Amino acid sequence: MKNSRILRTLSTALRRAAYGLPLAMTLTATSGQAADELNALVWCDHTDPALIQPFEEKFGVKVNLKEYEGTGAALAIIEQSQPGDWDVLVLDGVDVPRVAETGLLAELPQDQMPLDDVFDAVQMRDMTFKDGKMYAIMEKFGYNVISYNKEKVDPADMRDLSMLWSDKYKGRIAVYDYYIPLMDLVALKMGVKPSDITADILPEMKKELFKLKENSVMVGDVVASSTALAVGEADILVGGGEWAVSVLSAEQPELDWVLPEQGGMLWSQALAVFDSSEKKDLAVEFVKYIMSPEGQARLATSSCFWGMPANAKARDALTEQQRTALRWDEQEGFLANSHRYFIPDADLDGQMLDTWTEFLQH
Amino acid sequence: MQRQLPRHANSRPARSRFGGDGLRAWGFLLPALCWTLAFFVLPLAIMAVYSLWQRVGYKVVTDISVQNYTAFFEKSFLYESLINSLEVTVMVTLISILLAYPLAYILAEKVPPRWQRIALILAILPFWTSYVVRSYSWILVLSEGGILSNFLLDIGLTSEPVSFANSRGATVIGFVHFFVMLLTLTIFANLVQLPKNYRRAAADLGAGPIRTFIHIILPLTLPGIMVGAFLTFVLCIGDYITPAILGGKRELLLPQTIMLQIERRSDFPTASALAMILMAVVSVVYAACARWLKLDRM
């Protein structure tokens, strides 16, 4: 490493010390990649060897994976890194515009991307394109809806959001702890479109949340809430979906999920290449591999969590059991009745988080 | 009786502040000093500065203000998380002391010296398991259909499966399981240092076992209890994992509220202010316990 680079590294580390030393350590760990390596900042589903190994073997490279949660954490890691340290980024679909706005992402070669094979509702060109240039491609999607144990609850009830507020399932409900999709679901129950949420309806929303809390047995993150459903601590997971139960479909076929009639929240994750990558060609090959039907099927059924592959051609690469667990045949209706995450402005975001914190404290 | 010499009376005085032994002392001290400065004082100072900034929109504004601190007292759900933390921590500390003392006493007084090492290893075995794994294991014990529920069903104490998970009680159990071991070690270390003659002298003067314990043994083991209790308090009040896994977010403790600010909004200024308040609480507790925190008696 050249002296100037060392000085720059030190300078950056000191300037950004406020972000925390662990991140500075990440910087050290990821600096100086070898020519036959690709560095990817990913969600946990990309860390499945069954997904990555075929690419590594085909191209004779090592893919170094750094797992993160939340776009904020990814941006902090990037902030701590040197340009060129990272090649590939997996990020929340709704965050693509703001990350692209920063200039971090490289333009993807549209002619090499299977965009036409991606489900229409998942292409989200308004998010992945800017000024006619493509900066990311949606690779996987799913829903924040209702997961349940069909041996313990009436599956027909699960198609009606309001049943979760009735006394029938009091004490049998787990709630996924993520305020945006959960408050969006509460809005749908109230008959309000998530995109129409304003500060004016927050008091009413708070009452609905408090009632939901009284019916619930726990509120937890991805692991805790999924575990509650898997071990029988709860029979219903609000905010769950295929991501919470499909990976268990072989061992626990009694766990299922559904999108209720009032609608559900659509989550998506996107794949992008860093503009500062010194291995853009290889990074693009990685994107092409992930977007291929085989790569998509492996990503969809990753050992970390399952989700729908964005590429509809992955259908034939999935088994019948996998398609059933993902409710493949209902996707058309589900996509039509689902909404993207509502992205509030900063002030409303703060008020929504305060409301959610009150809900947790209730 | 032989007059007691002042402590370190026989040790050589340092020749100068920076020469000879003094220099060597600084040499030994420097690594720890640098470590503390780099990984405690500097981060703490950064956090203190950050707590006076504000997050406006999606950006951090560097205007100095105590707004984040006033918000803590204005928003009930924020200060309630501190009250919850204090309640849980005090409960855990007291229960851990009550369970750890008899265990340490039996280990120190009733177990033959040659078995003490093995008994101590058995006592601290839970430390060898991953903290997170141990917390999740408790869910399997406490949840509906778990070991405890099945046991109560088998002995007829309940006719329906019951759940103890996802509650404050579960959080307390998870904490106590861990901290009893810590307190056992500090109290044991204190107990084995007590000369046997103290008990004999008390007996000669007519004191029974209970009186000897209350007036001689307990006061002399107070430093061990207080060191363990303080460590328990500090580790417990700052813990995020156990309440997140076992508490089921039925309520929020302060570390969870801090994490919420960071994870969901990247609101480092508010999170820093809450962390400084937590730090202040720990400092107050330290000040209150300082007279008993005699590490040289450990």
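Please read all numbers here as calculations on a predicted model, not as lab measurements. Here is how names work: the chains are called A, B, and so on, in the same order as the sequence lines, proteins then strands, and each is numbered from 1.
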Self-check item: Per-residue contact mode, B/Leu260 against chain A (heavy atom under 4.5 angstrom)
Solution: both

Quiz item: Should we say atom NZ of A/Lys170 is surrounded by more than 12 heavy atoms from elsewhere, each under 6.0 Å from it?
Solution: yes

Practice problem: Could you have a look at B/Gln261, B/Arg55, B/Gln256, B/Arg250 and say which one has the most heavy-atom pairs with chain A under 4.5 angstrom? | Solution: B/Arg250

Practice problem: Verify the distance criterion only: is there a donor paired with an acceptor across the side chains of A/Gln252 and A/Asn149 at less than 3.5 Å? | Solution: no

Quiz prompt | Residues, nucleotides or ligands: over 12 heavy atoms within 6.0 Å of A/Glu69 CD | solution = no

Quiz item: Using a cut-off of under 4.5 Å for heavy-atom pairs, which of B/Ala244, B/Ser76, B/Ser143 has the most such pairs with chain A?
Solution: B/Ser143

Practice problem: Select one option (side chain, backbone, both, neither) describing which atoms of B/Ser81 are under 4.5 Å from chain A's heavy atoms. | Solution: both

Practice problem: Name the orientation class of the two ring planes belonging to A/Trp43 and A/Tyr68 (parallel below 30°, tilted from 30 to 60°, perpendicular beyond 60°). | Solution: perpendicular

Quiz item: Counting heavy-atom pairs under 4.5 Å to chain B, which of A/Gly171, A/Gly70, A/Ser216 comes out on top?
Solution: A/Ser216

Quiz item: Side chain, backbone, both or neither: which part of A/Leu353 has a non-hydrogen atom closer than 4.5 Å to chain B?
Solution: side chain

Practice problem: Decide if atom CZ of A/Phe210 counts as having more than 12 heavy atoms of other residues, nucleotides or ligands within a radius under 6.0 Å. | Solution: yes

Quiz item: When the ring centroid of A/Trp243 is compared with that of A/Tyr176, is the distance short of 6.0 Å?
Solution: yes

Quiz item: A/Asp167 and A/Lys211: salt bridge (Lys or Arg N to Asp or Glu O under 4.0 Å), yes or no, with the steps?
Solution: CA-CA 10 Å; A/Asp167 289 340; A/Lys211 174 65 181 155; 3.6 Å; yes

Quiz item: Given that the side chain runs from C-beta out, which part of B/Asp267 has a heavy atom under 4.5 Å from chain A: side chain, backbone, both or neither?
Solution: neither

Quiz item: Using a cut-off of under 4.5 Å for heavy-atom pairs, which of A/Asp177, A/Asp347, A/Val231 has the most such pairs with chain B?
Solution: A/Asp177

Quiz item: Any idea how B/Phe72 and B/Tyr79 line up, ring-wise: parallel (<30°), tilted (30 to 60°), or perpendicular (>60°)?
Solution: perpendicular

Self-check item: Most contacts with chain A, counted as non-hydrogen pairs under 4.5 angstrom, among B/Ser272, B/Gly145, B/Gly146, B/Ala165
Solution: B/Ala165

Self-check item: Residue, of B/Leu252, B/Val49, B/Thr257, B/Thr270, that accumulates the most heavy atom pairs under 4.5 Å with chain A
Solution: B/Leu252

Practice problem: With a 4.5 angstrom heavy-atom cut-off, could you sort out which part of A/Asp345 is near chain B: side chain, backbone, both or neither? | Solution: backbone

Quiz item: Given a strict heavy-atom distance threshold of 4.5 Å, which part of A/Val175 is in contact with chain B: side chain, backbone, both, or neither?
Solution: neither

Quiz item: Hey, is OH on B/Tyr240 packed in by over 12 heavy atoms from elsewhere, all under 6.0 Å?
Solution: yes

Quiz item: With a 4.5 angstrom heavy-atom cut-off, which part of B/Ile139 approaches chain A: side chain, backbone, both or neither?
Solution: side chain

Practice problem: Please look at A/Tyr178 and chain B and tell me whether the side chain, the backbone, both or neither of the residue comes under 4.5 angstrom of a heavy atom of that chain. | Solution: both

